[in-house]
Participant: 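My questions all concern the structure below.
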Amino acid sequence: MHDGANARTWVCFEVEQDLPGTPDKPVLKSGSAITSQAEGLVFETLHPVVSLLKKRDPIHFYTWGDPDCCLPQGRDARPT
């Protein structure tokens, strides 16, 4: 069933200082709209964000040894 979402993605928040919250008082409630500074894109939280911690700013992806971590030109993510 279609839930009305255009797409889902991971979003990385970078904070200057920790923003602690609790399950009953999250930093961002489910359904909060957030606008990116760089592109003006709007994201909506799917789940509550209980807290934002500076130590969690970076997101590390495993690239299987490929420093560029990209698909060859003309390919997409679907297997052939």
Side-chain angles (χ1 to χ4, degrees):
M1 175 163 235
H2 191 286
D3 62 4
N6 290 328
R8 297 208 170 120
T9 188
W10 291 97
V11 176
C12 178
F13 292 99
E14 293 183 2
V15 295
E16 296 289 325
Q17 62 185 23
D18 290 350
L19 300 171
T22 61
D24 60 325
K25 284 189 166 185
V27 173
L28 295 168
K29 294 180 181 178
S30 179
S32 297
I34 298 126
T35 304
S36 71
Q37 291 180 339
E39 302 292 329
L41 301 171
V42 178
F43 298 92
E44 186 176 296
T45 58
L46 185 60
H47 301 285
V49 177
V50 175
S51 60
L52 293 169
L53 305 176
K54 183 139 181 74
K55 70 180 181 182
R56 293 185 184 163
D57 279 358
I59 296 178
H60 301 282
F61 290 98
Y62 185 72
T63 62
W64 290 275
D66 181 1
D68 295 327
C69 193
C70 58
L71 295 171
Q73 187 173 355
R75 290 281 312 267
D76 60 22
R78 293 175 285 196
T80 57

Participant: Is the backbone of Leu46 close enough, under 3.5 Å, to the side chain of Ser30 for a donor and an acceptor to pair up by distance?
Facilitator: yes

Participant: Which residues pass the side chain to side chain donor-acceptor pair (under 3.5 Å) test with Thr22, sequence neighbours left out?
Facilitator: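 Thr22 satisfies side chain to side chain donor-acceptor pair (under 3.5 Å) with Asp24 only.
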
Participant: Just wondering, are more than 12 heavy atoms of other shown residues or ligands nearer than 6.0 Å to NZ in Lys54?
Facilitator: yes

Participant: Looking at Pro20 and Ser51, what are the two nearest heavy atoms and their distance?
Facilitator: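 Heavy atoms of Pro20 and Ser51 come nearest at CA-CB, 3.8 Å.
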
Participant: Using the test side chain to side chain contact (heavy atoms under 4.5 Å, CB included), find all partners of Ile34 that sit at least two apart in sequence or belong to another chain.
Facilitator: Phe13, Leu28, Thr45

Participant: Restricting to side chain to side chain contact (heavy atoms under 4.5 Å, CB included), what partner residues turn up for Val50, sequence neighbours left out?
Facilitator: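 So Val50 forms a side chain to side chain contact (heavy atoms under 4.5 Å, CB included) with Pro23.
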
Participant: Side-chain contact test, heavy atoms from C-beta onward, threshold under 4.5 Å: evaluate it for Val15 versus Leu53 and give yes or no.
Facilitator: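 A side-chain contact under 4.5 Å is absent here.
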
Participant: Using 0.5 Å steps for rounding, measure from the CD atom of Glu16 to the CG atom of Asp57.
Facilitator: 8.5 Å

